[in-house]
Amino acid sequence: MALDGCGLVCKYILVLFNIIFAVVGFALLGLGLWLRFSNNTRGIFEVEALNSSAFVVGVTVLIALGSVMLIVVVFGDYGACNEKRCALQVFSALLAILAGAEVVFGVLAYSKRYEVGASMAEFYASIYTLYVTSGGDAAIGVTLKFVHEMLHCCGVTGAKIIEVVQSTCPKPDGLIEHIVMPNCPTVITTVFDNKASLVMGIFFGTGALLIVALVCSIILLKQIKKVKQVSIYI
């Protein structure tokens, strides 16, 4: 006895889900590895004082999350394509854990948006201070330039006359920015505050997708069990 219509639909949904999950997992893992070993950011990991910083922790989380997602994909694809109950059970358990974590992290990201923004601004200030006190270390300078270009800001003051990291700042846009540009601590805090709702929505949306996959996995498990029972009787 083969799977019925509902079981087949769930099977194909899980295959499609795992393809999407694999793409996202590879993207997160690739981004994490790029941030870890890129010339623009490698200097951060070589400075002992920054080993516990929000950026380093964030990159570590990206690498770990990408790896976990790929492990989930292995169990999901193997279980769905080969109709293996053991693999699907592991897959369902991992999905349940990830869905719960997504909701928790989404709420925390929104409720702690000011703290997160302040932590990242403090992290930037640490890099800035290290660059100044080290006499313009090249590795840290590349990282500062990367941040400045990405956020279009300049140092902790933004004032061209007194800013000591002008060489790492982006080209000014307009007449006013030739005199003063947005300062980075303020820009960083504002970005995290303004994007908090979007971040929470992404977490919740991902959690909902995981729950749909979890439901399909449970249905497929029941269908496989039913098929095996019928086969035994036959």
Side-chain angles (χ1 to χ4, degrees), residues 24-25 27-29 31-36 38 40-69 96-134 139-159 163-165 168-170 180-211:
V24 175
L28 292 178
L29 181 60
L31 177 61
L33 292 175
W34 179 76
L35 290 173
R36 175 62 182 84
S38 170
N40 290 332
T41 54
R42 187 188 304 167
I44 297 174
F45 296 87
E46 296 172 354
V47 179
E48 187 176 352
L50 298 178
N51 281 343
S52 61
S53 70
F55 182 81
V56 173
V57 172
V59 171
T60 304
V61 168
L62 281 177
I63 295 173
L65 182 58
S67 301
V68 169
M69 290 177 72
I97 294 171
L98 286 175
E102 288 285 345
V103 174
V104 171
F105 286 137
V107 172
L108 287 176
Y110 184 80
S111 61
K112 301 288 185 181
R113 58 189 182 277
Y114 301 114
E115 290 87 340
V116 173
S119 296
M120 293 304 295
E122 183 179 348
F123 165 62
Y124 170 82
S126 300
I127 298 178
Y128 180 94
T129 302
L130 283 172
Y131 179 76
V132 174
T133 55
S134 66
I140 301 176
V142 170
T143 303
L144 273 180
K145 186 174 181 62
F146 174 74
V147 174
H148 290 162
E149 293 285 350
M150 182 175 64
L151 298 177
H152 193 72
C153 59
C154 182
V156 297
T157 65
E163 186 53 65
V164 296
V165 295
T168 65
C169 293
V180 59
M181 293 186 69
N183 69 80
C184 292
T186 301
V187 171
I188 292 171
T189 304
T190 303
V191 165
F192 273 89
D193 186 23
N194 293 342
K195 302 296 182 181
S197 298
L198 176 61
V199 171
M200 184 175 67
I202 292 173
F203 275 110
F204 279 19
T206 306
L209 180 62
L210 291 172
I211 291 172

Handout entry: Check SG atoms, C153 and C169, less than 2.5 Å apart
Key =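 With an SG-SG separation of 2.5 Å or more, C153 and C169 do not form a disulfide.
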Exercise for the section: Mark yes when over 12 heavy atoms from residues, nucleotides or ligands other than E122 sit less than 6.0 Å from its CD; otherwise mark no. Expected result: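 Open: at most 12 neighbouring heavy atoms sit under 6.0 Å from CD of E122.
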Handout entry: Expected output: side-chain E102 to main-chain F204 donor-acceptor under 3.5 Å
Key =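 No, the answer is negative, given that no donor and acceptor are paired below the 3.5 Å cut-off.
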Problem - Separation of L209 CG from L98 CG (nearest 0.5 Å) - result: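 Answer rounded to 0.5 Å: 11.5 Å.
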Exercise for the section: Output the distance between atom CD (E115) and atom CG (L108), rounded to the nearest 0.5 Å. Expected result: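 One finds 10.5 Å between CD of E115 and CG of L108.
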Handout entry: Aromatic centroids of H148 and Y128 separated by under 6.0 Å
Key =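 No, the ring of Y128 stays outside the 6.0 Å limit from the ring of H148, centre to centre.
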Tell me, do [X] and [Y] make a side-chain contact under 4.5 Å, heavy atoms counted?
| X | Y | value |
| --- | --- | --- |
| T168 | Y131 | yes |
| P170 | M181 | yes |
| L33 | I63 | yes |
| C184 | L151 | no |

Practice task
Verify side-chain contact (heavy atoms from CB on, under 4.5 Å) between V156 and Y124, making sure each step is shown before the conclusion.
Solution key: CA-CA 9 Å; V156 297; Y124 170 82; 4.0 Å; yes
Handout entry: T186-N183 side chain donor-acceptor pair, cut-off 3.5 Å
Key =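 Side-chain D/A pair, T186 to N183: present.
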Handout entry: Closest approach of T189 to A121 (non-hydrogen atoms, all atoms of both residues)
Key =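 Nearest heavy atoms, T189 then A121: OG1-CB, 3.8 Å.
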Problem - Non-hydrogen atoms of G32 and L62 that approach each other most closely - result: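 Closest pair (atom of G32, atom of L62, distance): CA-CB, 4.0 Å.
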